[in-house]
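First the proteins, then the strands, lettered A, B, ... as listed; each starts at 1.
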Amino acid sequence: MSDSSSRPGGKPSLGADLVIPGLAVALAIYFFATIQDLPWEATANAFAIGAILLLLVALFVVRIALKVLRGEATLGFDKLMDRPSAQWKRVGIVAAIGGFVALLPWLGFTLSLFLGMMASMLVMGVREPKPLLGTALGVAACCYLMFIALLDSNFPHGPVESLLAPLFGS
Amino acid sequence: MEWNWDLILQLTWQQFGYWWVIIPATILGIVVGALPGFNAQNTLIILLPLTLTMDVSLALTFMIAVYCASHLGGGIPSILLNIPGNGGAAATCIDGYPMTKKGLGQQALVLSFVASVFGGLIATLLTIAALPILAQIGLYMRSVEMVVVILFGLTLIAVIAARDMLKGLIAGAFGLLIGIIGTDHVYSTPRATFGFLELYDGVPLVPVLIGLFAISEALIMIEEEMIVSESGRQHSHTVRWEDTLDGLKMSLERWWQITWTGLIGLVIGIIPGAGASIASFVAYQQSRLFSKTPHLYGTGHPEGVIAPESANNGVTSGTLVPMMAIGVPGGSTAAVMMIVVQYHGIVLGPRLFTERPDLAYGVFVSMAVCYILMILTILPLARYMSRVVLIPIKYLVPLITMLTIVAAFAEREYVFDMGLALAFGLIGYVAHKTQFHVTSILIGVILGPLFEQYLLRSLRLSQGDPMVLFSSTIGNVLWAMLVVSLLLPLWREWQLSKTEADAKFGGEA
C-alpha cells in the first residue's frame, strides 16, 4: 500500500489524500438528503453504494489517523502545493478555460476560442507575437472550419460567425 | 453457436475498404504512442467530435487503429530515448535502450514493430476463433449475475491497476455514486442534481472523460518545460535508418517467442484493469525464465525487446473482450470506445452477439485488418517518429485544454458540459496527485446506471429481498472470487511484513 512521501527526507504529507474521500462523503451525504422521502426503488442503489463508500472512507481515515498518531506522517497538503511556479500556471490555465466557457455565449465560438488560446499560451510563457497569434489564429480557424462550416454544430455564434456566414453559408 | 464465415468474410472486405481511415489513424496512433504522457485514450477524447459524427462501425475502426498503433508507438521512445511512450512500453526500455547504445537502435525498432504487429495479430485471430464461446456468456448472465460482474470488475481494477487497493475501491465507489446522479428509473424523481436541469438525465460521460483524463493530465504536464530531457533531445536528432533487414531477420528467427508472449498479453488483457503495463512485465519475466540465455537480458538482448512489445499488443484484443462480452470495459481506452458506441444507441454486453453480430465480430475483424495494414505503414514512417517528442509543453498544454473543452460540448451541445469537464478536470488532478485511480472513477461513472438498472431489476423480482443477490450459482462463484481478490493482496502484504519482521528479528538475534 503506497503512500509516497511528497517532502524529500521528511514525513509523508497525507492531508491531500483526504480531499477525494471528503468529496465522496459530501456527495454521499447530499445524495442521502435528496432521497430520504422517496420510495425504496429510487433509494436502494444510492444507499447500497453510499454505505459501501462510507465504510471504505472510514477505513481510509482510520489508516491515516494511525499513521499520524504514530508520527509516521503529517496532515500537510504538500502533494497539491509543490512547485509554486507551476501552481500559478495551473491557476492561470484553469482561469483561461473558465473565461473561455464564460465568454462563449457572448463572443461566440471562434472569437472566444482565439482569446482562450491566447490567454493559455500567455500563461504558459509564450511571449513572441508570431507564434502566439499564429497558433491561436490557426486553432480558431481550423475549429471554425470543422465545427461551424463543416459539421454545423450548435456552438454559440458571435461576430466572427456572423461575418463569415455569407462566405460558408453557415 | 458456430462460426459465421460469411459474416466474417463480408466484414473483412468491409474493413479493407476502410483503408483510407485505417492508415491515417495508424500514423496518428504511432505519433501519440511515441509521445510520453500522451496515449490513445487522450487522442480519442480530443477526436470525439469527429468520431461521434461518424458511422458507428467506421468510428470503431478509426478508434481501434489509433489504439493498436499507439501500443506499437510507445516502444519508439523507449528504445531511442529510454523514455517509455506509455506504461506498456516501460519494460521495452530494459533491453531496447541498451541495444540503441550499442548502435543497434535500428534493429531494436524493427524488432519492436514486427513483434507488436504479429503479437497483436495472432492474439486477435485467436480471439475471433473464440468468439462463439464468448457469445454463449450472454445466455448465463441475468440481472443478479450482472450486479456481481460489475462489482467484481470494479474490484479487480482497484486491486490490480491501482497502486493502493483501498484508494482504488474508494475511487470506484465514488464513480458509481456519481454515475447514478439524475432521475431514478421508476418515478423519474431527481436525485443529487444540485438543482441543475442538465443533470436530470444523469452525468454525461464525455465531459467526465475529458475532465478526468485530458484536463487533469494537462494540469500535471505544466510542471515540465519539455517532454524530453536535454540528452533525449540530442538523441532524437540523431536517429538513423539502417540495418532494417537485419532487424527483420532477427525478428523472424524468433517467431515462436512472438507468438507465446502475444498470447500472454491476450490472457492478461482479458482481466479488467490488468493492462499493457502488467502484461509486458509478465511477458518479459516469463521470457527470461524460459530463455537459454537469461544472463543476456538487460544488456541489449533482442528477446528482451520482443517479449514486452508482443505482449503489450496482445493486450489490445484482450481488453475489448470483457467490453464486448459482458459490457464492462477492460481499461480506459475501452471505456472511451464504449462511450462512443453508447452514444450511437448501442448497448454493449451479452446480447450484442445476437442483436448486432456485425458489430461484435466487426470490432475484432477490424483489429486484425488494422494490424495487417499497419505492417505496410510503420516501416517507412518510423524514421520521423522520435521527433514528435520535441513539441514544447507551452504549446501542448493550451492545445490539449482548449481542444478537449471544445469536445466536451459535442455530446449534448450544452455549454454546461464544458464547465462540468473543467470541474472533473480539477477532481482528476487531485486524484492523480494523491494516487486515487482515475480509471476506477471513470469506469464507476460508466457502470453506475447499469448497476442501478440490474440491481433494481433483481430487487423487484425478489420483492425487495436483497438475498436474491446470492441466489444464483454463477453469481455465488463470482462473489467468492470477489472476496478472494480483496483478501489476497491483504494476505500477501501481511506475509511480506511478517517475513520482514522475521528477518529483522533474526538479524538482531
What is the distance from atom CD1 of B:Ile220 to atom CZ of A:Arg90, rounded to the nearest 0.5 Å? 7.5 Å
Heavy-atom contact with chain A under 4.5 Å, split by part of B:Val406: both
Under 4.5 Å to a heavy atom of chain B? For A:Leu59 that would be both
Where does A:Leu80 contact chain B at under 4.5 Å (heavy atoms): side chain, backbone, both or neither? both
Is any side-chain heavy atom of B:Tyr187 closer than 4.5 Å to one of A:Leu38? no
Is A:Ile35 close to chain B through its backbone or its side chain, or both, or neither, when contacts mean heavy atoms under 4.5 Å? side chain
A:Leu53, part contacting chain B, at a heavy-atom distance under 4.5 Å: both
Sorted by chain and residue number, the salt bridge (charged side-chain N to carboxylate O under 4.0 Å, His left out) partners of B:Glu198 (sequence neighbours excluded) come out as none
Mark yes or no for whether A:Ser120, through its side chain, and B:Pro398, through its backbone, hold a donor-acceptor pair below 3.5 Å. no
Please look at B:Leu426 and chain A and tell me whether the side chain, the backbone, both or neither of the residue comes under 4.5 angstrom of a heavy atom of that chain. side chain
Is there a side-chain contact between A:Pro21 and B:Phe174 in this structure, where contact means two heavy atoms from C-beta onward sitting under 4.5 Å apart? no
Taking it one step at a time, do A:Tyr30 and B:Phe194 satisfy ring-ring contact (aromatic ring centres under 6.0 Å, His included)? CA-CA 9 Å; A:Tyr30 171 63; B:Phe194 299 92; 4.5 Å; yes
A:Arg63/B:Asp164 salt bridge by N-O under 4.0 Å criterion: yes
Name the region of B:Thr183, side chain, backbone, both or neither, that has any atom closer than 4.5 Å to a heavy atom of chain A. neither
Distance-minimising heavy-atom pair for B:Arg191 and A:Ala42: NH1-O, 3.0 Å
Where on B:Leu422 is there a heavy atom nearer than 4.5 Å to chain A: the side chain, the backbone, both, or neither? side chain
Which heavy atom of A:Ala86 sits nearest to which heavy atom of B:Ile222, and what is that distance? O-CG2, 3.7 Å
Can you say whether the rings of A:Phe155 and B:Phe409 are parallel (under 30°), tilted (30 to 60°) or perpendicular (over 60°)? parallel
